[in-house]
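First the structure, in the form of structure tokens, and then the observations on it.
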Amino acid sequence: MPELPEVETVRRGLTPSLTGAEIVAVRLFRPDLRFAFPPRFAARLTGRRIVDVGRRGKFLLFALSDGVTWLAHLGMTGGFLLAAPPPPGRRGAPAAAHTHLELDLERPGGEPLVVSYTDARRFGFMELFADPARSRFLGALGPEPLGERFDAHWLARAAAHRRGPIKSLLMDQRVVAGLGNIYASEALFRARVAPRRRADALVTVSGAPRAALERLAAAIPEVLEEAIAAGGSTLRDFRASSGELGRFQHRFAVYGRAGEPCLRQACTGTVRRLVQAGRASFYCPVCQR
DNA sequence: AACACCCCCTGTCGGC
DNA sequence: TGCCGACAGGGGGTGT
């Protein structure tokens, strides 16, 4: 499901309802997702207020009133949904299949609210930490692609001496945080760079970004911003916390379009699919070099 | 250090 | 209709 634009869509959907809300009760319906829930997970959330809903790469970060941060990764099929509380008597069981966690919240005005986490494949995971430097997951994470630290020179430093394909480099969360399989393919198309191109071939001998890498560094934030504005992409089951579907899948230039014509003006190419590191890549062999 | 694999898990879809 | 394999937005872990 979720790359940076989808996670950001979830974050924006949760923010107005969750910010300032108190966690009144936590119900876990199983002991683990991808990993075990943190020790005393429910107890460590209960009674705290959520003071901020943030994001880093594909991670959601809920800042709690006691200084602890609750980190959540949605894996492939994870999602948070907001709902009104069920009528009395229907409590106790999860509201839907694959719901693994429910939080009862009380908004500042006293209004009750339920937020649930669903995840069919259970590739998602959660963590609690008081100090971000101690997070198992945040430590090696690269810069935000929509932030100041990310630019062509950063990409050039990461690409130098990497002989693997540029597509794999873009998917490496230590290089840039938040790109996944869809937006890596889409950014490469916009930059007219073939996914198989060797990463180090996009850097000059003196370590400067070549023009193709400059285009890529510009295409990445561009495609991510457009996808966020469209509420993310829904392939199968992605939904915003309101239940709304994403709309950016209608604007894919290459992802999932194997065999269809290239959409670039005057290009006669046909989109191809290829497998890299076990993941499908889509590209136009005519205009991406 | 970088890279190639394998794994985790469930649902869906196409082919036979 | 049913079965079976391939595939799907994720990342961690291991071995070379």
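Computation of the quantities below employed the complete heavy-atom set of this structure, encompassing side-chain atoms and omitting hydrogens, waters and symmetry-equivalent molecules. Below, chains carry the letters A, B, ... as their sequence lines are ordered, and counting in each starts from 1.
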Using a cutoff of under 3.5 Å, can you pull out all pairs of nitrogen or oxygen atoms linking the protein to nucleotides 14-16 of chain C, with atom names and distances?
none

Shorter than 3.5 Å, N or O on both sides, protein versus nucleotides 11-15 of chain B: list them out with atom names.
unit_1	atom_1	unit_2	atom_2	d
B:dG11	OP1	A:His98	NE2	2.8

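Of the side-chain N and O atoms in A:Lys58, none sit less than 4.0 angstrom from OP1 or OP2 of C:dG9.
Evaluation of the side-chain contact (heavy atoms from CB on, under 4.5 Å) rule for A:Ala217 yields A:Ala152, A:Leu155 as partners, not counting sequence neighbours. Under the side-chain contact (heavy atoms from CB on, under 4.5 Å) criterion, A:Ser65 pairs with A:Arg48, A:Arg49, A:Val51, not counting sequence neighbours. Applying the salt bridge (charged side-chain N to carboxylate O under 4.0 Å, His left out) test to A:Asp151 and every residue at least two apart in sequence or in another chain returns nothing.
Side-chain atoms of A:Thr77 come within 3.5 Å of backbone N or O of A:Arg121 as a donor-acceptor pair.
Between A:Arg251 and A:Glu186 there is no salt bridge, since none of the side-chain N atoms of the basic residue sits less than 4.0 Å from a carboxylate O of the acidic one. The pair A:Arg149-A:Glu144 fails the salt-bridge criterion, with no side-chain N (NZ, NE, NH1 or NH2) lying under 4.0 Å from an Asp/Glu carboxylate O. Using a 4.0 Å cut-off between a side-chain N of Lys or Arg and a carboxylate O of Asp or Glu, A:Arg239 and A:Asp237 do not qualify as a salt bridge. Between A:Arg12 and A:Glu8, at least one side-chain nitrogen of the basic residue sits less than 4.0 Å from a carboxylate oxygen of the acidic one, meeting the salt-bridge criterion.
DNA chain C lies under 4.0 Å from at least one heavy atom of each of the following residues of residues 122-139 of chain A: A:Phe123, A:Arg136, A:Phe137. Only A:Arg162, A:Arg163, A:Gly164, listed by number, bring a heavy atom of residues 158-170 of chain A to less than 4.0 angstrom from any atom of DNA chain B. Contacts of residues 272-284 of chain A with DNA chain C (heavy atom under 4.0 Å): A:Arg273, A:Arg279, A:Ala280.
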Checklist line | Dot-bracket encoding per residue of DNA chain B, Watson-Crick/G-U cut-off under 3.5 Å, | denoting interstrand | finding: .|||||||.|||||||
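When hydrophobic residues (I, L, V, M, F, W, Y) are linked wherever their side-chain heavy atoms come within less than 4.5 Å, the members clustered with A:Phe35 are A:Phe59, A:Leu61, A:Leu71, A:Phe125, A:Phe129, A:Phe137, A:Leu138, A:Leu141.
Every pair passing ring-ring contact (aromatic ring centres under 6.0 Å, His included) that includes a residue from residues 268-289 of chain A is listed here, sequence neighbours excluded: A:Tyr255-A:Phe282.
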Expected list for residues 160-170 of chain A: side-chain donor-acceptor pairs under 3.5 angstrom, two or more places apart:
unit_1	atom_1	unit_2	atom_2	d
A:Arg162	NH2	A:Asp172	OD2	3.3
A:Lys167	NZ	A:Asn181	OD1	2.7
A:Lys167	NZ	A:Ser281	OG	2.9

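Side-chain contact check for A:Arg34 versus A:His73: every heavy-atom pair is 4.5 Å or farther apart. At a threshold of 4.5 Å between non-hydrogen side-chain atoms, the residues A:Leu103 and A:Tyr117 do not count as touching.
A:Leu105 and A:Ala21 make their closest contact through CB-CB, 4.2 Å (heavy atoms, listed as atom of the first residue, atom of the second, distance).
Taking the six-membered ring for Trp and the full ring otherwise, the centers of A:Phe248 and A:Phe238 sit at least 6.0 Å from each other.
Cluster annotation: A:Leu274 is not connected to A:Leu179 through the hydrophobic network of ILVMFWY side chains, with a link wherever side-chain heavy atoms come within less than 4.5 Å. Clustering ILVMFWY residues whenever any of their side-chain heavy atoms sit less than 4.5 angstrom apart, transitively, puts A:Leu28 in the very cluster that holds A:Ile23.
The A:Arg121 side chain lies nearest to B:dC9 when the options are B:dC9, C:dG9, C:dG10.
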